[in-house]
Number of protein chains: 2
Amino acid sequence: MRDVARLAGVSQSTVSRVLSRSTSPIQISQDTVQKVLDAVDKLGYRPNLTARSLRGQKTNMIAIMIADISNPMYHSIVRTVQAIARERDYDVLIANTDHVYENELHFCEAIIRRPVDGVLMVPNHLSNDEIEQLIHITDIPVVVLAWPSYYPRVDAVYGDDLKATYDAVRWLVESKGHRRVGFIGVSRTLPPGERRRTGFDRAMTDAGLAVPPDYIQEGDFSIDSGQRAMRALLQLAQPPTAVFVCNDLMAIGAIDAAKDLNCRVPEDVAVIGFDNIPEATIIRPRLTTIAQYPVEMGQQMAHAVFDRIEGLSNGTRQVFEIPCRLIEREST
Amino acid sequence: MRDVARLAGVSQSTVSRVLSRSTSPIQISQDTVQKVLDAVDKLGYRPNLTARSLRGQKTNMIAIMIADISNPMYHSIVRTVQAIARERDYDVLIANTDHVYENELHFCEAIIRRPVDGVLMVPNHLSNDEIEQLIHITDIPVVVLAWPSYYPRVDAVYGDDLKATYDAVRWLVESKGHRRVGFIGVSRTLPPGERRRTGFDRAMTDAGLAVPPDYIQEGDFSIDSGQRAMRALLQLAQPPTAVFVCNDLMAIGAIDAAKDLNCRVPEDVAVIGFDNIPEATIIRPRLTTIAQYPVEMGQQMAHAVFDRIEGLSNGTRQVFEIPCRLIEREST
DNA sequence: AATTTTTATGCAACCGTATGCAGTCAACTC
DNA sequence: GAGTTGACTGCATACGGTTGCATAAAAATT
């Protein structure tokens, strides 16, 4: 910048003003602007955003923490967020936690040490206190993709998966006539695990159906774990005739395991997944699943955080529900 | 930091020295260290890495540019790189180009404006000149995941996909007895597209087999495009009996399309993919494919860049070949 | 006891940019 | 023609750290 100033025959501050003219109300003569721009061009100068961040206390970056880089759900969210960020000349820092608590903490620590202007996150273990503390220390707007009751004081975007699970299970029972329904979930310590399990339990109770303990299996979101869980279910003396699986990847594994055991889907056992990832229409039978709408989620999250960054919203927290929808295909 | 200094009763420089003791050879009395650490603890102070970067001309960040966030190949690479970076207390900036040239340029621009200590990239369009220029401007070590001849002056990690393609096609012909072999590729303007096509062409020529123009289809890496391409092949008057597909996602689409057209795989048409993504063992028939080894790729890339960052290597460029391997499953 | 060396600390400059404040100059006002 | 105004521009400082250099105190040497 000093070099540009020298070449243009003006002071360094003037160069700065020319280059950030949009954000500065001060006027500069047309003549000077031209001289500076010429010099910038000639030297191929680009401002150093790190320095700009330091001085301006504004980084033009936001961070997004996702739970699983392998889950296509998050790809759409990330892509959407990036597109919206790009429009505003923001860069996006992506962090992947693989659902591990330590990684979530590491992310918070990283944000504290290298501040950004806004944070989007899909927490799985972080307590409300930990998020509050992050906000308190950094004073950065945070938007979570999570059931709002877990984080009662930050903007939240969430899919109503409890209700969606409830409705889907009742549909299995009432429209499809299943009475023995199994469940492949994930740890109840994870918010979605807890909610979907609750939805399942309530639906079964309300339908007046008992669920043997064996019918409840637990996986870890992966295809492999879905296979294992399904194998366990099908090897029971009296296996379920339908299985609700907490995400599509595990459902894909479950269908695979069923085939291996010469068990027809959906004739012998119906399978329903959750997420509606692209692969759901690829496998055979095509997977019945509960669709989430990641693009909408990404949009809401991004807009919520940018509204706060730009001061458009600063009052009470906002909560956006993105409804889920059952998509019936061939696996039920 | 000033507050810490005040509380500890020392100067701000001393605090800095205590906190970056590892990198500074200067000695500090045990007593002072303790006072400072106590103050840090009491105030919950964390150094601002942005400021540190500015002064130190070292960001403790590396950036990685991948071509497709939906491709599981890159998930492994990213995970591996992140693990290695974490060991060294580096953060990783992830950028996704979706194979689009503008995004690659944008990435370079972002790196210029917000420098990092090292860059890993999977370029698809960037010219050698453009990469040279990036290095020239920023003076940052760059490691590419790409056939080295495209970027003759930077460290490169690459899978020998040309040879792997050649071998696989000859195997289809000689061991499996196919004589009509189709090809579903991607644009030859993309390095892997070009190489795999070359490998295919050479293998067919060397086997003395002609390839009708109709047998060459082009997709865009996606499942959808694989479906479309396969449909086109199977609707020919004389369809191929085997199809070499340039990546697994398209191969999955291709198998799907075949099933839709009541065409059995592998009896009526054999399919071979490339990448060996996890889904390859999930679909039925299980996909024969050429495995790449993304973990090894990530390791080599990360080590290459850190070796340069730490000054362990600074001479001539390094090139690492990660061989591919044919994995025969059920689709051939 | 005087001198040299070592150890520990502080002062001040610097990284690259943004901005409050003061100053210059031309154009206006009266 | 003196005073006022407004449009530009530069000086100096700040952002939050790191580090070269000087110096004071302590230890070692002569």
Side-chain angles (χ1 to χ4, degrees), chain A residues 1-37 39-40 43-61 89 111-117 137-140, chain B residues 1-37 39-40 43-61 89 111-117 137-140:
Chain A
M1 198 150 166
R2 211 155 31 215
D3 296 341
V4 173
R6 196 174 302 131
L7 181 58
V10 298
S11 77
Q12 176 259 328
S13 356
T14 299
V15 176
S16 171
R17 289 204 181 90
V18 171
L19 266 36
S20 50
R21 183 171 41 191
S22 47
T23 65
S24 152
I26 287 192
Q27 307 195 25
I28 303 147
S29 76
Q30 197 47 49
D31 189 41
T32 307
V33 169
Q34 201 51 54
K35 278 190 300 187
V36 170
L37 293 183
V40 164
L43 297 179
Y45 165 82
R46 264 86 142 205
N48 177 321
L49 296 192
T50 303
R52 182 176 286 177
S53 301
L54 180 58
R55 166 64 216 222
Q57 305 299 77
K58 176 150 185 321
T59 61
N60 266 47
M61 299 178 74
D89 199 28
I111 295 300
I112 292 172
R113 306 202 314 172
R114 205 191 295 282
V116 294
D117 295 341
I137 294 178
T138 61
D139 198 33
I140 293 173
Chain B
M1 197 150 170
R2 211 154 32 212
D3 296 340
V4 173
R6 195 174 302 134
L7 181 59
V10 298
S11 78
Q12 180 253 341
S13 2
T14 300
V15 175
S16 171
R17 288 204 182 88
V18 170
L19 294 176
S20 51
R21 189 170 36 191
S22 47
T23 64
S24 151
I26 287 191
Q27 306 193 28
I28 304 148
S29 77
Q30 197 47 51
D31 189 42
T32 306
V33 170
Q34 200 51 56
K35 279 191 300 186
V36 170
L37 292 183
V40 165
L43 297 179
Y45 166 80
R46 263 88 143 204
N48 177 321
L49 297 191
T50 304
R52 182 177 285 176
S53 301
L54 181 57
R55 167 63 215 224
Q57 305 298 80
K58 177 154 184 318
T59 60
N60 266 47
M61 300 179 72
D89 199 29
I111 295 301
I112 292 173
R113 307 201 313 172
R114 204 191 297 282
V116 294
D117 296 342
I137 294 178
T138 62
D139 199 33
I140 293 173

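All values below were derived from every heavy atom in this structure, side-chain atoms included, with hydrogens, water molecules and symmetry-related copies excluded. Order of the sequence lines fixes the chain letters, A, B, ..., with proteins taken first and strands second; residue numbering starts at 1 for each chain.
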Between atom [atom1] of [X] and atom [atom2] of [Y], what is the distance when rounded to the nearest 0.5 Å?
X: A:Thr50; Y: B:Arg114; atom1: OG1; atom2: CZ; value: 6.5 Å
X: B:Leu49; Y: B:Leu54; atom1: CG; atom2: CG; value: 12.5 Å
X: B:Arg52; Y: B:Gln57; atom1: CZ; atom2: CD; value: 14.5 Å

Check the distance between [N]'s [atom2] and [X]'s [atom1] and give it to me in whole angstrom.
X: A:Gln30; N: D:dT9; atom1: CD; atom2: P; value: 10 Å
X: B:Arg114; N: C:dC15; atom1: CZ; atom2: C1'; value: 17 Å
X: B:Asn48; N: C:dC15; atom1: CG; atom2: P; value: 18 Å
X: B:Asp31; N: D:dA25; atom1: CG; atom2: C1'; value: 15 Å
X: B:Lys58; N: C:dC14; atom1: NZ; atom2: P; value: 23 Å
X: B:Arg17; N: C:dT9; atom1: CZ; atom2: P; value: 10 Å

Think [X] has a side-chain N or O under 4.0 angstrom from the OP1 or OP2 of [N]?
X: B:Gln27; N: C:dT9; value: no
X: B:Gln57; N: C:dG16; value: yes
X: A:Arg52; N: C:dA18; value: yes
X: B:Thr32; N: C:dT9; value: yes

What's [X] touching, base or sugar-phosphate or nothing? Going by heavy atoms closer than 4.0 Å.
X: B:Leu54; result: base
X: B:Arg113; result: nothing
X: B:Thr14; result: sugar-phosphate
X: B:Ser29; result: sugar-phosphate

- Message: For B:Thr14 and B:Ser11, which I'm curious about, is there any donor-acceptor pair between the side chains at under 3.5 Å?
- Response: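 Present: a donor and an acceptor within the cut-off.
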- B:Thr32 versus B:Ser29, side-chain donor and acceptor atoms under 3.5 Å: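 The criterion, which ignores hydrogens and geometry beyond distance, is satisfied for B:Thr32 and B:Ser29.
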- With DNA chain D as reference, determine whether A:Arg55 or A:Ile28 sits nearer its 5' end, using the nearest nucleotide of each.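 Counting from the 5' end, the first nearest nucleotide belongs to A:Ile28.
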- Nearest nucleotide by nearest heavy atom, which residue falls closer to the 5' end of DNA chain C, A:Ser16 or B:Val33?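 Mapping each residue to its closest nucleotide by heavy atoms, the 5'-most match is B:Val33.
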- Could you walk me through whether B:Leu7 and B:Asp3 pass side-chain contact (heavy atoms from CB on, under 4.5 Å), step by step? CA-CA 6 Å; B:Leu7 181 59; B:Asp3 296 340; over 6 Å; no
- Item | Derivation of the side-chain contact (heavy atoms from CB on, under 4.5 Å) call for A:Lys58 and A:Asp117 | CA-CA 6 Å; A:Lys58 176 150 185 321; A:Asp117 295 341; 3.4 Å; yes
- Query: Under a 4.0 Å heavy-atom cut-off, which of residues 1-13 of chain A touch DNA chain C?
  - Reply: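 Nucleic-acid contacts, sorted: A:Met1, A:Gln12, A:Ser13.
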